[in-house]
Amino acid sequence: MNGSIGIFDSGLGGLTVLKVLAERFPQESFCYLGDIARLPYGNKSPETIRRYGLQILQFLKQQNVKAIIIACNSASTVFLGENDFEGIPLLNVIEPGAEAAINVSKDAKVAVLGTAATIRSHAYRDTLKKLNPSVEVIEQACPLFVPIVEEGMVNDPITELVAKKYLKEILVKDFKTIILGCTHYPVIKSDLKNVLGPTVSLVESGEVLAQKLQQLMSQNNITPSNTPRRIRVCITDLTDHFERLAHHLMSPIEIESLERVVL
Ligand code: DGL
């Protein structure tokens, strides 16, 4: 699969990012790696997340990818500021997400939702402050959201109950721009909107990430693919549940091959 774009996440949540990119780059092939066997990353130490991330980067390099996107926010925090891996251009989701939030926010008040690892790293806060030193930032870890999404609990009263607990400070302080700083959160957007109200902007990295990928391809003279597109999803554990979830998250885009790999 020469010349595809590599993308990785700790699990299947990163398919929300792959879907946006697959729509924006219809001519490109993608090779996705979801490290389901070791999910979640969000409650692990930076050292462990980095070790896992390096193994995945090595795997993707072996698949001859021409660029790599770290779709996992928790993993992005430990590779922040690194623009290439052994000669392969690298993009993370923190900088595009922060940039999108600054563009959207009218009052320079941005809340960040993420895993414990992402929030503890303050990667979003620091990146937001670099873009606009006077921005006010609230950071909130939401550890229960990942298992909720993995269980498919969308439009569920339990999800709203949990969201009410996590979003309390954001509601009290009236923050209107919220970064969904975790691959899984876009899936429960409607539950979050029900709690936060219609005037809130829920920011994802996808669109700005697609622009950055376009720039990166031009800067690095990466030519668009001229072979038929292929979407390959590799996961480190495969069950019927994951298979159904993968197809559901990518729908209507077709996954051409879903395979279990050992890193
Ligand atoms: N992919 C992770 C992230 O975006 C969420 C799931 C996990 O904790 O591994 O931070």
Side-chain angles (χ1 to χ4, degrees), residues 6-21 30 32-57 59-60 68-80 90-98 100-101 111-127 139-154 159 162-163 166 178-189 191-192 202-206 208-209 233-237 239 241-242 245-246 249-250 263:
I7 170 163
F8 85 83
D9 181 36
S10 55
L12 291 179
L15 291 176
T16 57
V17 179
L18 173 57
K19 191 175 172 185
V20 174
L21 296 179
F30 291 88
Y32 179 93
L33 186 287
D35 194 7
I36 285 177
R38 300 187 291 199
L39 175 102
Y41 280 17
N43 57 12
K44 295 192 169 67
S45 66
E47 294 74 21
T48 300
I49 298 173
R50 190 171 172 90
R51 181 159 53 83
Y52 291 173
L54 286 170
Q55 285 172 359
I56 297 172
L57 291 174
F59 169 84
L60 290 172
I68 298 177
I69 293 159
I70 307 177
C72 177
N73 290 257
S74 306
S76 288
T77 67
V78 301
F79 289 97
L80 208 60
L90 206 56
L91 281 178
N92 68 72
V93 285
I94 306 283
E95 280 146 354
V112 183
L113 307 181
T115 65
T118 297
I119 297 306
R120 197 178 47 220
S121 75
H122 299 301
Y124 272 109
R125 182 198 64 188
D126 297 348
T127 308
E139 299 169 288
Q140 176 66 51
C142 309
L144 287 174
F145 282 169
V146 168
I148 278 175
V149 170
E150 297 281 322
E151 283 302 314
M153 290 163 65
V154 182
T159 307
V162 174
Y166 288 145
I178 323 287
I179 296 180
L180 301 182
C182 173
T183 46
H184 284 58
Y185 302 174
V187 178
I188 51 166
K189 233 171 164 175
D191 300 86
L192 301 179
L202 299 178
V203 178
E204 296 171 51
S205 57
V208 179
L209 180 65
V233 174
C234 303
I235 50 183
T236 52
D237 194 14
T239 63
H241 172 72
F242 291 135
L245 192 60
L249 290 174
M250 283 299 285
L263 293 177

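Counting starts at 1 for both ligands and their atoms, following the listed order.
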Undergrad: Out of all atoms in ligand 1, which are within 4.0 Å of some heavy atom of Thr115? Include the element for each.
TA: 5 (C), 8 (O), 10 (O)
Undergrad: Do me a favour and list the nearest non-hydrogen protein atom to atom 5 (C) of ligand 1 with residue, atom name and distance?
TA: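 In this structure, atom 5 (C) of ligand 1 has Cys182 SG, 3.4 Å as its nearest protein heavy atom.
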Undergrad: Look at atom 2 (C) of ligand 1 and find which of Ala71, Gly13, Gly11, Ser10 reaches it with the closest heavy atom.
TA: Ser10
Undergrad: In chain order, what residues pass the side-chain contact (heavy atoms from CB on, under 4.5 Å) check against Arg120, with sequence neighbours excluded?
TA: Pro46, Ala117
Undergrad: Compute the shortest N/O to N/O distance between Thr183 and ligand 1 and return yes if it is under 3.5 Å, no if not.
TA: yes
Undergrad: Who's closest to atom 3 (C) of ligand 1 heavy-atom-wise, of Asn43, Ile49, Asn73, Ile119?
TA: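 Checking each option, the heavy atom nearest atom 3 (C) of ligand 1 is found in Asn73.
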Undergrad: On the 0 to 90° scale, with breaks at 30° and 60°, tag the Tyr41-Tyr52 ring pair as parallel, tilted or perpendicular.
TA: tilted
Undergrad: If you measure every N or O of Cys72 against every N or O of ligand 1, does any of those distances drop under 3.5 Å?
TA: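 No - when backbone and side-chain N and O of Cys72 are compared with those of ligand 1, no distance drops under 3.5 Å.
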Undergrad: Are Phe145 and Tyr166 an aromatic pair by the rule of ring centers under 6.0 Å?
TA: yes
Undergrad: Identify, by atom number and element, the atoms of ligand 1 in contact range of Tyr41, meaning under 4.0 Å from any of its heavy atoms.
TA: 7 (C), 8 (O), 9 (O)
Undergrad: Can a donor-acceptor pair be found between the side chains of Arg50 and Gln55 at a distance below 3.5 Å?
TA: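 Looking only at side-chain atoms, Gln55 and Arg50 do not form any donor-acceptor pair under 3.5 Å.
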Undergrad: Need the ligand 1 atom indices (1-based, order shown) with element for anything under 4.0 Å from a heavy-atom of His184.
TA: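 Listed by number with element, the hits are 5 (C), 6 (C).
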Undergrad: Nearest non-hydrogen atom to atom 8 (O) of ligand 1 belongs to which of Ala116, Ser74, Gly42?
TA: Gly42
Undergrad: Which ligand 1 atoms are under 4.0 Å away from a heavy-atom of Asp9?
TA: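 That gives atoms 1 (N), 2 (C) of ligand 1.
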Undergrad: Taking all non-hydrogen atoms of both residues into account, name the closest pair between Val208 and Ala100 and its distance.
TA: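 That closest heavy-atom pairing would be CG2-CB, 3.6 Å.
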Undergrad: Between Thr127 and Ala123, is there a donor-acceptor pair closer than 3.5 Å when you use the side chain of the first and the backbone of the second?
TA: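 Looks like yes, one N/O pair under 3.5 Å.
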Undergrad: Check whether the side chains of Thr115 and Ser74 place a donor and an acceptor atom closer than 3.5 Å, and report yes or no.
TA: yes
